[in-house]
Each structure stands twice: as structure tokens, then as C-alpha cells.
Amino acid sequence: MQHLVDTNDFTDQQIQDLLRDAKAFKKQTPPKLLHDKLLITLFFEASTRTRSSFEVAAKRLGASVVHLDPSRSSAKKGESLEDTFTNLCAMEPDGIIVRHHLNQTPQDLANMHTTPIINAGAGNYAHPTQALLDLFTMVEYFGTQVRGKTIAIIGDIVNSRVASSGIRLLTRMGMHVVLVAPPQFMPETSLPQYKTLEEVIDSVDVIMSLRAQLERHEKEIFEDYDDYAQQYCITPERIGERNILLLHPGPVMRNIDISDAMLDDPRCRVLTQVKNGVFMRMAILKLLLLDS
Ligand code: NCD
């Protein structure tokens with residue numbers, strides 16, 4: 001039984017297979033490979049893109065999906081996560097897609113060895129399907145040349161599971177990762193660090209902007225996000241004519257993370273990421289439910 005807790009669960013060959021399958025699924029509607037499969041989603045945190053992307057991916061491959069909304073489940077009556085999970089497993093799904101505020105939850109559930117676990121975002125530690133869809137989006141643009149390209153991750157890096165999974169996967173794939181953030185948002189790391197984008201902008205091929213994770217801040221970090229935006233918002237003025245690919249996992253805080261004008265710029269690939277997310281998740285479901 002194979003799980004996806006983080007991208008290091010996959011071999012290099014499996015990552016290449018995922019990129020190949022995602023590309024093929026994007027090119028041509030695939031047959032209903034998963035027509036006899038049933039998935040359950042169990043999201044303890046809010047989600048727009050990830051949950052619907054998994055559902056669309058599963059349905060495009062013919063699988064059925066059942067959503068359990070923990071805010072209306074027996075979790076509200078005091079049932080433990082493990083008991084909720086064990087009860088769902090008794091219904092014999094082919095996999096459970098889980099999002100949780102604790103870093104450890106997907107691994108804890110995987111350790112129970114009852115059904116394949118797919119991590120849809122855990123704490124500030126891992127969001128492997130986002131990292132893989134971001135990789136797919138960059139490979140689609142750069143081809144094998146993605147190796148050796150430089151990506152600047154900018155924003156609330158310390159609180160971002162997208163950043164932590166991305167850093168692990170993209171460095172493994174041979175990309176140079178540099179971090180741009182105010183001190184409050186910078187993790188402890190051996191990666192190159194910059195306080196401003198201007199210091200590094202002439203040597204980057206990709207910018208990944210991140211949302212300030214207000215819900216994870218124990219106390220208010222910036223009194224005024226306009227001040228933050230002055231320095232870190234991605235605008236056409238800041239990027240100039242440079243040929244830089246702009247990514248963001250969403251939700252984008254308009255005019256704080258990325259300006260309205262930049263969101264409309266063809267170099268901004270936020271909606272391509274969303275589109276590619278479906279194809280990459282189709283590839284991931286195929287790998288975990290069919291090929292493993
Ligand atoms: C992110 C998440 O929830 O980790 N969004 C996503 O899944 N695409 C990032 C965020 O909430 O800022």
C-alpha cells in the first residue's frame with residue numbers, strides 16, 4: 001500500500017511517471033481508469049482549490065467521491081480523529097484524502113496501514129500535491145531545462161506548507177531555491193536569503209509568491225499589510241520586462257501578494273497552476289490506486 005505524505009514517498013522514477021501521465025491527461029481525455037474506486041475526503045481546514053481539484057480529478061477518471069465535513073461530523077461530539085478515520089476505513093474506501101492543521105496527522109494515519117492516505121496539506125510542513133503540480137507547471141514551461149533554473153519563494157515562508165514541500169521537491173529536482181521575506185517570515189534555513197526581491201530579481205527565472213498565513217500567526221505580525229505590500233507585492237513595475245514566470249498556490253490576496261495588473265499579465269500562471277493541478281492529481285490517483 002503506497003501513501004503520499006510528502007513527495008519523498010515517491011522515487012525519482014515515480015515523479016517522472018507522474019509528469020508523463022499528467023501531460024498525457026492534459027492532452028487527451030483519459031478512459032475511466034478508476035471507475036470502480038471510491039475516495040473519501042476529510043478536510044479539517046478550509047479549502048477551495050485543493051478539495052475541488054481532487055474531486056474533479058477523481059471524477060474525470062470515473063471514481064466516486066464522498067466528502068466528510070468534520071465541522072458537521074461526530075468530531076464535534078468528541079470522537080477522536082483516529083476513531084473517525086477507523087470508521088471511515090470500515091466502509092472500505094480505496095483511499096482517504098486528508099487535510100489537517102497538524103504536521104504529523106497524515107503520517108499518523110498512514111501508519112495505521114488501513115487505506116492509502118493522500119496528504120492534501122498538513123500544518124506548515126507538507127503539501128505534496130501542490131509541490132508536484134508546481135513542478136509540472138514549470139516542467140511544462142522549461143522542459144528538462146528546469147534543472148538549474150532559479151526560483152525565488154517570496155512571502156510568509158515560515159508558515160507555508162507549500163514552501164516547505166516545494167523546497168524539498170524543487171531542490172531535489174536540481175532547481176536553485178532562494179528565499180525572499182522579512183525576518184518575521186523567514187524560516188531557519190541554509191538556503192540563500194534576501195530581505196528584498198530587488199537584490200535577487202536579475203538572477204531568477206521563477207517567482208513563487210505566498211499568502212501571509214494570518215490564521216497561523218499567534219499574534220499580529222504586521223499592523224498594516226500595506227507596508228508589507230509596498231515591499232513584497234509583485235507588480236509590473238517590480239518585474240519590468242524580465243522574462244519571469246510568476247506562480248502562487250492561491251488564495252491570492254490581491255494587491256498584497258500580487259497586484260491586479262500583474263494577475264492579468266501573461267507571465268502570471270496562477271490559473272495554469274489550478275488547471276494543471278487537476279491533471280497532476282489524476283496522475284497521483286492513478287499511481288496510488290492503480291499502479292502501486
Ligand atoms: C494553500 C494551503 O492551503 O496550503 N493553498 C492551496 O492549497 N492551494 C496556501 C494558502 O492557504 O495560502
Side-chain angles (χ1 to χ4, degrees), residues 4-7 22 41-58 67 69-71 97-107 117-138 151 153-170 179-182 184-187 206-218 221-222 225 228-229 232-234 245-258 263 268-282 284-285:
L4 175 55
V5 174
D6 198 17
T7 52
T41 69
L42 182 56
F43 276 52
F44 288 86
E45 282 190 342
S47 172
T48 298
R49 278 150 290 270
T50 305
R51 200 186 96 160
S52 42
S53 178
F54 267 115
E55 181 168 0
V56 171
H67 300 293
D69 175 1
S71 70
I97 300 164
V98 64
R99 170 171 282 198
H100 200 270
H101 61 278
L102 295 179
N103 292 358
Q104 192 53 32
T105 297
Q107 186 63 60
I117 292 297
I118 303 165
N119 180 359
N124 67 355
Y125 173 68
H127 195 346
T129 62
Q130 182 71 44
L132 286 159
L133 77 87
D134 290 343
L135 175 66
F136 176 45
T137 304
M138 287 185 274
I151 178 169
I153 302 182
I154 176 166
D156 187 358
I157 304 166
V158 71
N159 289 297
S160 171
R161 53 194 173 211
V162 175
S164 36
S165 266
I167 289 168
R168 286 189 289 275
L169 179 66
L170 302 179
L179 307 182
V180 180
Q184 303 93 312
F185 286 170
M186 190 63 84
V206 185
I207 292 174
M208 180 190 285
S209 165
L210 299 171
R211 182 180 66 92
Q213 307 268 314
L214 303 184
E215 72 279 18
R216 291 187 217 287
H217 299 168
E218 276 165 20
I221 291 184
F222 286 95
Y225 274 88
Y228 170 81
Y232 296 99
C233 184
I234 311 296
L245 204 63
L246 175 58
L247 306 180
H248 190 299
V252 177
M253 289 166 77
R254 278 177 178 269
N255 303 310
I256 295 179
D257 305 337
I258 302 177
L263 281 166
C268 176
R269 299 301 166 97
V270 172
L271 291 177
T272 309
Q273 289 171 275
V274 175
K275 186 190 268 260
N276 284 345
V278 172
F279 301 115
M280 178 45 81
R281 291 188 173 100
M282 289 164 80
I284 291 167
L285 294 176

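What you see is a predicted model; the values in this text were computed from it and never measured. In each ligand, atom 1 is the first atom listed, and ligand 1 is the first ligand listed.
Residues Asn124 and Ser164 bring no donor and acceptor atom of their side chains to less than 3.5 Å of each other.
You'll find the side chain of Asp134 reaches within 4.5 Å of the side chain of Gln130, heavy atoms only. A heavy-atom distance below 4.5 Å is found between the side chains of Arg99 and His127.
Scanning for side-chain contact (heavy atoms from CB on, under 4.5 Å) contacts around Ser52 gives an empty result, with sequence neighbours left out.
The closest approach between any non-hydrogen atom of Gly121 and ligand 1 is not below 4.0 Å. Contact between Pro251 and ligand 1 is present, with at least one heavy atom of the residue lying under 4.0 Å from the ligand.
Cation-pi contact between Arg281 and Phe54: present, with separation from the ring centre below 6.0 Å and deviation from the ring axis of at most 45°.
Relative to atom 11 (O) of ligand 1, the option among Arg51, His248, Arg211, Gln273 with the closest non-hydrogen atom is Arg211. Ranked by closest heavy atom to atom 7 (O) of ligand 1, the top entry among Gln130, Glu45, His127 is His127.
Residue contacts with ligand 1: Val162 is placed with no nitrogen or oxygen under 3.5 Å of a nitrogen or oxygen of the ligand (distance criterion only). Among the atoms of Pro249, some N or O lies under 3.5 angstrom from an N or O of ligand 1.
Distances below 4.0 Å separate heavy atoms of Arg99 from the following atoms of ligand 1: 2 (C), 3 (O), 7 (O).
For Arg161 (side chain) and Gly123 (main-chain N/O), a donor-acceptor pair under 3.5 Å exists by modelled atom type.
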